[in-house]
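For reference, the structure is listed below as structure tokens.
Here the structure is a predicted model, which means the values were calculated and not measured.
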Amino acid sequence: MKGLLFIICAAILAYGYFEHRGDRPIVYPPGVLVSEKPLQTDIRATSFFVDDYELTRRARFEIRARVLGRERYYLRRESDLSPLDLALGWGVMSDEAVLERIDVSQSNRWYFTRYEYPAPLSNEQITTHSSNMHMIPARKSIERRLKELRPGSIVTLKGYLVDVYHVSGWHWRTSLSRTDTGN
């Protein structure tokens, strides 16, 4: 019995090691890596369904950004539609010299920044140059590629900002602002 317990514990530890080995950040020399701002274009709202979810396109969106964090989700209603969030940074929030002084973490579909004073940037600069985005991949191949991203990866994403409504009443409303904070 002890041998079986040892094998199970070893398997769990090995899985954890290999699962998170790809999470090691990519480190760059100091300097802004992504100077472009996200592009957002208003469109006429149109809806479509994915299983029991109604998605309403609110804006066309394109971003080139540095991955600050990636968090996978397995539980709760929305994880089947949006299996991961990406914390993304552009402009000053893509600069290694800034990011080495800011701790970025993600939990429960939120992202958080912590730093020691003096702050490397104002809170306004952090807010306007980074975002936590719930990824809704259009295809399984895109989902696989998103799951392979590491902190530090430079990505270009194209798609739509969408509102999501589930038949149970659960919903997400997208933000159309680069300056808002909170839920």
If you round to the nearest 0.5 Å, how far is [atom2] of [Y] from [atom1] of [X]?
{"X": "L68", "Y": "S153", "atom1": "CG", "atom2": "OG", "result": "11.0 Å"}
{"X": "E62", "Y": "T41", "atom1": "CD", "atom2": "OG1", "result": "9.0 Å"}
{"X": "L84", "Y": "E71", "atom1": "CG", "atom2": "CD", "result": "9.5 Å"}
{"X": "D103", "Y": "E116", "atom1": "CG", "atom2": "CD", "result": "10.5 Å"}

Closest heavy-atom contact between [X] and [Y]?
{"X": "R66", "Y": "G152", "answer": "NE-CA, 3.7 Å"}
{"X": "F49", "Y": "E54", "answer": "CE2-CB, 3.6 Å"}
{"X": "I126", "Y": "Y111", "answer": "O-OH, 4.3 Å"}
{"X": "E96", "Y": "V27", "answer": "OE2-CG1, 3.6 Å"}
{"X": "Y73", "Y": "N108", "answer": "OH-N, 3.5 Å"}
{"X": "I102", "Y": "P120", "answer": "CG1-CG, 3.5 Å"}

Between [X] and [Y], is there a shared hydrophobic cluster once you connect ILVMFWY residues whose side-chain heavy atoms come closer than 4.5 Å?
{"X": "I26", "Y": "L88", "answer": "yes"}
{"X": "V67", "Y": "L146", "answer": "yes"}
{"X": "L81", "Y": "F48", "answer": "yes"}
{"X": "V155", "Y": "V104", "answer": "no"}
{"X": "L149", "Y": "M135", "answer": "yes"}

### Task
Give the ring-plane orientation class for W90 versus H129, where under 30° counts as parallel, over 60° as perpendicular and anything between as tilted.
tilted
### Message
Parallel, tilted or perpendicular: which one describes the rings of F112 and W110, with boundaries at 30° and 60°?
### Response
parallel
### Query
Between Y165 and S47, do the side chains contain an N or O donor and an N or O acceptor separated by less than 3.5 Å?
no
### Task
Scan side-chain atoms only and decide if S82 and R109 contain a donor-acceptor pair under the 3.5 Å cut-off.
yes
Given 3.5 Å as the limit, does a donor-acceptor pair link the side chain of [X] with the main chain of [Y], or not?
{"X": "D163", "Y": "R173", "answer": "no"}
{"X": "D95", "Y": "G31", "answer": "yes"}
{"X": "Q40", "Y": "A59", "answer": "no"}
{"X": "E143", "Y": "P137", "answer": "no"}
{"X": "S79", "Y": "Y74", "answer": "yes"}
{"X": "R58", "Y": "L161", "answer": "no"}
{"X": "S130", "Y": "M93", "answer": "no"}

### Query
Should we count CZ of R101 as having more than 12 external heavy atoms under 6.0 Å?
yes
### Message
Tell me if the NZ atom of K147 is crowded by more than 12 foreign heavy atoms within 6.0 Å.
### Response
yes
Measuring only between side-chain heavy atoms, which start at C-beta, is [X] closer than 4.5 Å to [Y]?
{"X": "D80", "Y": "Y53", "answer": "yes"}
{"X": "R44", "Y": "D42", "answer": "no"}
{"X": "F61", "Y": "K158", "answer": "no"}

### Test side-chain contact (heavy atoms from CB on, under 4.5 Å) applied to R57 and L55, step by step
CA-CA 6 Å; R57 296 177 191 97; L55 284 70; over 6 Å; no
### Task
Please report the C-alpha distance between I136 and V164 in whole Å, then the side-chain angles of each, then the deciding distance to 0.1 Å, and finally whether the side-chain contact (heavy atoms from CB on, under 4.5 Å) criterion is met.
CA-CA 10 Å; I136 302 175; V164 180; 3.9 Å; yes
#### Entry: Pair M133-I63, side-chain contact (heavy atoms from CB on, under 4.5 Å): steps then yes or no
CA-CA 11 Å; M133 300 186 184; I63 187 171; 3.8 Å; yes
### Message
What I want to find out is whether R145 reaches E148 closely enough, with some N-O distance under 4.0 Å, to be called a salt bridge.
### Response
no
### Task
Under the side-chain contact (heavy atoms from CB on, under 4.5 Å) rule, what do E78 and W170 come out as? Steps first, then yes or no, please.
CA-CA 9 Å; E78 68 274 13; W170 175 90; 3.5 Å; yes
### Query
Linking Ile, Leu, Val, Met, Phe, Trp and Tyr through side-chain heavy atoms less than 4.5 Å apart, which residues share a cluster with V167?
none
### Query
So which residues get pulled into V32's cluster when ILVMFWY side chains under 4.5 Å apart are joined, directly or through others?
none
